[in-house]
Amino acid sequence: GGEPTLQAEFLCEVMDLLPIHKAIQTCGFCETERFKSVINRSELIFFDIKHTSPEKHKLYMGVDNGGNLRNLEYLKCSEKPFIVRIPLIKGVNDDADNLSSVAKLLNGSKNLLRVELLPYNTLAGAKYEMTGKMYKETYDNKTLFHDVDEAEKIISGPEYQEELVETAVIEPKNQIV
């Protein structure tokens, strides 16, 4: 894991040496010049969106999302094909307001291939234990969508690009902890 654009200079050097198809997964948390440098060397971008609200993004992710959203705007206007991935976290970003906001943000994207809705991975707690930290859910679980069908309906409403939304269901048994 980790944000690859935080090591943009090294990443670009390595990417320049690789004569293969290159894909990158990012949330866009970096300076726009770094972001441009990395995506210009990539053939496919996976862009994670965790929250559209600057306040809630800062509350749950610890940082403002202004740079992330600026880089998403750049990506939307670029010629690069991209896939948006939204990890649905109960009570954090699975509400109708956030999902509608994501859909509005993505509307009109030139090369958006699809949107993937990812159910929250509860195996994250194991990583905490391995580092000696205590894992506890600190967010409200009252607004949990019991499945991603409702989230899919909201983000792919009639005014949005319905055919682009997919649900990526990841079975815990197939994941490496």
Side-chain angles (χ1 to χ4, degrees), residues 1-5 23-32 34-36 38-40 42-124 137-171 175:
E3 176 55 45
T5 59
I24 187 166
Q25 182 170 349
T26 180
C27 67
F29 181 68
C30 64
E31 298 166 3
T32 300
R34 283 180 165 200
F35 184 76
K36 289 178 183 179
V38 170
I39 71 160
N40 288 338
S42 306
E43 285 72 41
L44 176 63
I45 314 300
F46 290 87
F47 196 96
D48 293 350
I49 299 176
K50 295 181 180 77
H51 215 294
T52 57
S53 161
E55 296 80 19
K56 288 187 179 179
H57 194 278
K58 185 163 185 147
L59 174 66
Y60 293 111
M61 286 4 118
V63 294
D64 183 80
N65 64 350
N68 306 53
L69 297 177
R70 277 189 300 279
N71 288 332
L72 176 60
E73 282 302 314
Y74 175 81
L75 182 59
K76 282 174 46 179
C77 297
S78 77
E79 299 296 323
K80 293 291 176 181
F82 68 104
I83 296 167
V84 167
R85 305 181 91 209
I86 305 169
L88 293 175
I89 305 166
K90 62 183 177 180
V92 174
N93 69 346
D94 66 341
D95 59 277
D97 287 342
N98 184 58
L99 295 170
S100 294
S101 183
V102 170
K104 288 175 188 168
L105 269 176
L106 298 176
N107 206 14
S109 299
K110 287 173 75 171
N111 289 309
L112 176 62
L113 300 177
R114 67 180 176 270
V115 175
E116 295 178 350
L117 301 175
L118 308 169
Y120 180 70
N121 178 357
T122 57
L123 292 177
E137 295 178 2
T138 58
Y139 43 81
D140 177 17
N141 63 7
K142 294 176 188 162
T143 58
L144 171 66
F145 284 126
H146 297 288
D147 55 48
V148 294
D149 291 342
E150 187 67 22
E152 198 170 307
K153 286 177 194 170
I154 291 168
I155 202 165
S156 64
E159 65 272 26
Y160 309 120
Q161 299 169 347
E162 180 172 334
E163 69 281 359
L164 297 177
V165 179
E166 288 185 2
T167 304
V169 178
I170 301 170
E171 297 294 328
Q175 294 185 358

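Residues take their numbers from the sequence shown, with the count starting at 1.
Atoms CG and CD1, on Asn93 and Ile49 in that order, are 10.5 Å from each other to the nearest 0.5 Å. Rounded to the nearest 0.5 Å, atoms CG (Asn98) and CG (Leu88) are 9.0 Å apart. Put simply, CD1 on Ile45 and CG on Asn40 are 8.5 Å apart, with the number rounded to the nearest 0.5 Å. Note that OG of Ser42 and CZ of Phe82 are 13.5 Å apart. Values are rounded to the nearest 0.5 Å. Put simply, CZ on Arg70 and CD on Glu31 are 10.0 Å apart, with the number rounded to the nearest 0.5 Å. Separation of atoms CE (Met61) and SG (Cys27) is listed at 9.5 Å; rounding is to 0.5 Å.
Using a 4.5 Å heavy-atom threshold, the side chains of Leu72 and Leu106 count as touching. Here the side chains of Ile83 and Glu116 are in contact, with some heavy-atom distance below 4.5 Å. A heavy-atom distance below 4.5 Å is found between the side chains of Leu44 and Leu113. Taking 4.5 Å as the limit, every side-chain heavy atom of Gln25 sits out of range of all side-chain heavy atoms of Pro4.
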Check the pair Phe35, Leu75 against side-chain contact (heavy atoms from CB on, under 4.5 Å), reporting the backbone distance first and the verdict last. CA-CA 9 Å; Phe35 184 76; Leu75 182 59; 4.2 Å; yes
**Study point:** Verdict with reasoning, Glu3 to Thr26, per side-chain contact (heavy atoms from CB on, under 4.5 Å)
**Key:** CA-CA 6 Å; Glu3 176 55 45; Thr26 180; 2.4 Å; yes
Let's go through Asp94 and Ile89 carefully: what are the C-alpha distance in whole Å and the side-chain angles of both, what is the deciding distance for side-chain contact (heavy atoms from CB on, under 4.5 Å) to 0.1 Å, and is it a yes or a no? CA-CA 6 Å; Asp94 66 341; Ile89 305 166; over 6 Å; no
* Just do the side-chain contact (heavy atoms from CB on, under 4.5 Å) check on Phe47 and Arg85 with the steps written out, would you? => CA-CA 6 Å; Phe47 196 96; Arg85 305 181 91 209; over 6 Å; no
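The residues Lys76 and Glu73 are annotated as salt-bridged, a charged nitrogen and a carboxylate oxygen being separated by less than 4.0 angstrom.
Put simply, the side chain of Asn111 never gets that close to the backbone of Pro81: no donor and acceptor are under 3.5 Å apart.
Closest approach of Ser101 and Thr52 over heavy atoms only: OG-OG1, 3.0 Å.
Residue-environment remark: NZ (Lys80) exceeds the threshold of 12 foreign heavy atoms within 6.0 Å.
In the model, His51 has no side-chain atom that pairs as donor or acceptor with a side-chain atom of Asn65 under 3.5 Å.
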